[in-house]
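Report on the structure given below.
Sequence positions, counted from 1, serve as the residue numbers for this chain. Values in this document were obtained by computation on a predicted structure and should not be read as measured data.
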Amino acid sequence: MIYILLAYFALLLMVSRMIKRKDTATAFFRGERQSPWYMVAFGMIGASISGVSFVSVPGMVLHSGFTYLEVCAGFIGGYFVVAYVLLPIYYKHNVTTIYTYLRRISDEACKTGSAFFVISKLLGAAAKFYVPCFIISRVADCDFTITVCLMLFLVWLYTRRGGIKTLVWTDTVQTLCMIVCLALLIISIGPDIWPTLPHSLGKTGYTWQPGGFALRFLSGVFIVIVMTGLDQDMMQKNLTCRTLRDAQKDMCTYGFAFLPVNALFMLLGVMLIGVYNSQGTPLPDNPDDLLTLYCLRTGGITLTLFVLGVVATSFSTVDSAITALTTTVCVDFLSSDGKGGKRPSVGLVHLFMTLLVAICCILFHHFNTTSLIDAVYILVSYTYGPLLGLFAYAMTHKPRQRKRDGSALVCILSPLLCLVLNHVVTTYSDYRFGYEMLLINGLITYTGLWITGKLSGKTDKY
């Protein structure tokens with residue numbers, strides 16, 4: 001297995017070396033706007049499906065059936081909104097980072113949006129990368145810290161010069177690897193379980209559940225709008241396409257591809273349940289262990305495919321996250337507009353962001369508690385509400401020339417108010433907030449910005 005992983009890493013390095021690139025900020029941040037849309041669309045699949053998803057999605061059928069596919073169906077609607085509402089705005093304003101658009105409100109709003117992205121993406125990327133690093137360290141019997149440092153060193157090695165231009169091609173390779181591994185896992189289980197699969201589906205009740213479809217579909221739409229359309233990481237590759245039309249084709253194609261890929265993951269989960277039942281093995285209490293325990297128990301080529309698939313999805317997620325963090329810090333905080341020329345600071349910021357992700361991963365392992373990682377995911381989910389409110393306000397109000405306007409205070413108070421609201425409601429009622437908390441968070445931010453806008457006087461022209 002070690003030799004296969006080394007060969008995989010060598011392939012990524014070879015691909016990155018083959019790409020013709022210029023050592024400029026424009027190439028690192030924007031890929032010189034020369035990326036083929038179909039390559040971006042294919043590579044985005046792997047960038048969206050992290051190592052955590054590779055482990056977790058098959059196990060979702062244990063407790064929620066196929067309801068996640070209803071959310072994925074909503075994703076398609078969200079991608080069309082991003083393609084035909086947000087992308088035209090980004091291309092019209094020729095942005096390098098999408099948070100530059102928030103200067104329509106104020107410089108403070110731009111920096112606030114960027115800061116929320118940096119915090120959420122840094123912690124989120126580290127939490128997602130922690131799981132595959134932990135699995136690989138166990139399988140390879142290697143120290144966790146060494147595993148994290150080695151894997152992130154390899155990520156830094158093939159992204160340090162080419163930036164986003166390199167990722168368009170390496171993510172294509174990694175997405176292909178992920179899909180091949182997924183297909184081979186299904187095929188390897190297939191011969192023993194295909195004849196009894198219909199019976200397993202009927203017996204265990206994993207059928208489509210119509211109840212609550214509208215809410216799950218709508219949740220999927222807004223998840224994509226916020227976590228893709230308002231996320232520099234997810235949008236940066238799309239902004240490297242030659243034209244707006246190409247970027248829209250890329251976004252819509254990728255949106256349609258996301259549903260069948262996740263359907264394959266859930267099919268794998270149903271097949272695994274059939275295998276567990278046929279072997280008389282108890283199903284794991286934790287849904288995330290469904291695929292992992294099976295691969296560890298089976299070993300051989302199955303375990304190799306599992307580890308390689310996790311590595312491919314993890315690398316595709318973390319490399320784009322680090323590049324997006326570097327871009328945001330350089331452009332929005334260090335005043336590098338990415339219009340050309342060599343920028344020595346870009347390499348230093350890129351190295352610094354890689355080290356921060358490594359430190360966060362190691363800290364997660366040091367505390368050795370799943371509650372910490374759960375808390376990080378909750379924190380990250382609350383940071384997207386202010387971004388939704390900021391962009392909604394910028395799109396519905398006239399531009400104004402201000403450096404400071406209280407945006408930072410509003411965006412900090414909004415998640416805190418949501419936490420208080422969630423605590424009060426769950427304490428005194430049986431209701432539990434789901435994805436709708438994102439909309440409430442965004443609405444509070446929008447209202448706060450509207451109030452501060454009124455208090456600060458009439459809107460000036462930009």
Side-chain angles (χ1 to χ4, degrees), residues 1-16 46 49-56 58-59 122-160 170-171 173-174 177-178 180-182 184-185 188 284 286 288-322 350-373 376:
M1 181 187 300
I2 297 298
Y3 294 110
I4 293 176
L5 290 176
L6 289 175
Y8 176 73
F9 299 146
L11 175 62
L12 293 179
L13 290 174
M14 183 178 67
V15 170
S16 67
I49 300 175
S50 66
V52 176
S53 299
F54 197 97
V55 172
S56 299
L122 175 63
L123 294 177
K128 290 178 180 178
F129 202 57
Y130 168 82
V131 174
C133 286
F134 180 77
I135 292 173
I136 292 169
S137 66
R138 292 287 298 275
V139 172
D141 194 22
C142 180
D143 180 74
F144 178 83
T145 301
I146 294 176
T147 302
V148 171
C149 293
L150 178 60
M151 292 182 69
L152 284 175
F153 171 73
L154 292 168
V155 171
W156 173 82
L157 203 59
Y158 72 80
T159 60
R160 64 189 179 91
T170 55
D171 282 1
V173 173
Q174 297 187 103
C177 180
M178 181 270 291
V180 169
C181 289
L182 174 59
L184 291 177
L185 281 171
S188 66
N286 186 352
D288 292 350
D289 293 335
L290 184 68
L291 176 60
T292 305
L293 292 179
Y294 171 79
C295 294
L296 289 173
R297 187 174 68 248
T298 305
I301 187 62
T302 300
L303 181 59
T304 300
L305 291 171
F306 170 69
V307 172
L308 192 57
V310 169
V311 168
T313 51
S314 301
F315 269 48
S316 185
T317 300
V318 78
D319 59 16
S320 59
I322 292 173
H350 184 250
L351 176 61
F352 181 67
M353 289 299 160
T354 306
L355 291 174
L356 281 182
V357 173
I359 291 170
C360 289
C361 277
I362 294 168
L363 287 176
F364 290 157
H365 184 68
H366 176 73
F367 286 104
N368 195 26
T369 172
T370 56
S371 60
L372 175 62
I373 297 177
V376 166

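- To the nearest 0.5 angstrom, Thr145 atom OG1 is 10.0 Å from His366 atom NE2.
- Looking at Asp319 and Tyr158, their side chains do bring a donor and an acceptor atom within 3.5 Å of each other.
- If you run side chain to side chain contact (heavy atoms under 4.5 Å, CB included) between Phe306 and each of Val139, Val311, Val55, only Val55 comes through.
- The structure places CD1 of Ile146 at 10.5 Å from OG of Ser137, a figure rounded to the nearest 0.5 Å.
- Around CZ of Arg297, the count of heavy atoms belonging to other residues, nucleotides or ligands within 6.0 Å exceeds 12.
- Taking all atoms of both residues into account, the shortest heavy-atom contact from Pro58 to Leu291 is CG-CD2, 4.1 Å.
- Rounded to the nearest 0.5 angstrom, Leu305 CG and Cys181 SG are separated by 5.0 Å.
- Inter-residue side-chain proximity for Ile135 and Arg138 is flagged as unmet; no heavy-atom pair is nearer than 4.5 Å.
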Could you go step by step and tell me if Leu308 and Cys177 meet the side chain to side chain contact (heavy atoms under 4.5 Å, CB included) rule? CA-CA 8 Å; Leu308 192 57; Cys177 180; 3.7 Å; yes
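- Residues meeting the side chain to side chain donor-acceptor pair (under 3.5 Å) test with Thr159, sequence neighbours left out: His350.
- Nearest heavy atom pair, residue Leu290 against residue Gly59, reads CD2-CA, 3.8 Å.
- Among all heavy-atom pairs drawn from Pro132 and Val310, the shortest one is CB-CG1, 3.2 Å.
- Between Phe144 and Tyr130, the ring centre distance stays below 6.0 Å.
- Proximity of Leu154 to Leu12: side-chain heavy atoms (C-beta onward) are nowhere separated by under 4.5 Å.
- Val357 pairs with exactly one of Ile362, Val155, Val318, Val148 by the side chain to side chain contact (heavy atoms under 4.5 Å, CB included) rule, that one being Val318.
- Residues Ile49 and Met178 have side chains in contact (heavy-atom distance under 4.5 Å, counting atoms from C-beta outward).
- A donor-acceptor pair under 3.5 Å links the side-chain atoms of Thr147 to the main chain of Asp143, judged by distance alone.
- Side-chain contact check for Phe134 versus Phe129: every heavy-atom pair is 4.5 Å or farther apart.
- Taking OG of Ser314 as the reference point, atom CD of Gln174 lies at 9.5 Å (rounded to 0.5 Å).
- In this structure, Ser320 contributes its side chain and Thr317 its backbone to a donor-acceptor pair below 3.5 Å.
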Could you give me the CA-CA distance, side-chain angles and deciding distance for Thr313 and Ser53, then say whether side chain to side chain contact (heavy atoms under 4.5 Å, CB included) is met? CA-CA 9 Å; Thr313 51; Ser53 299; over 6 Å; no
Worked check of side chain to side chain contact (heavy atoms under 4.5 Å, CB included) between Asp171 and Phe315: CA-CA 8 Å; Asp171 282 1; Phe315 269 48; over 6 Å; no
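- In this structure, OG1 on Thr292 lies 10.0 Å from CG on Leu303, to the nearest 0.5 angstrom.
- Using a 4.5 Å cut-off on side-chain heavy atoms (C-beta onward), Thr302 and Leu185 make contact.
- Atoms NE2 and SG, on His365 and Cys360 in that order, are 15.0 Å from each other to the nearest 0.5 Å.
- Side-chain contact between Phe352 and Leu356: present, with at least one pair of heavy atoms (C-beta onward) separated by less than 4.5 Å.
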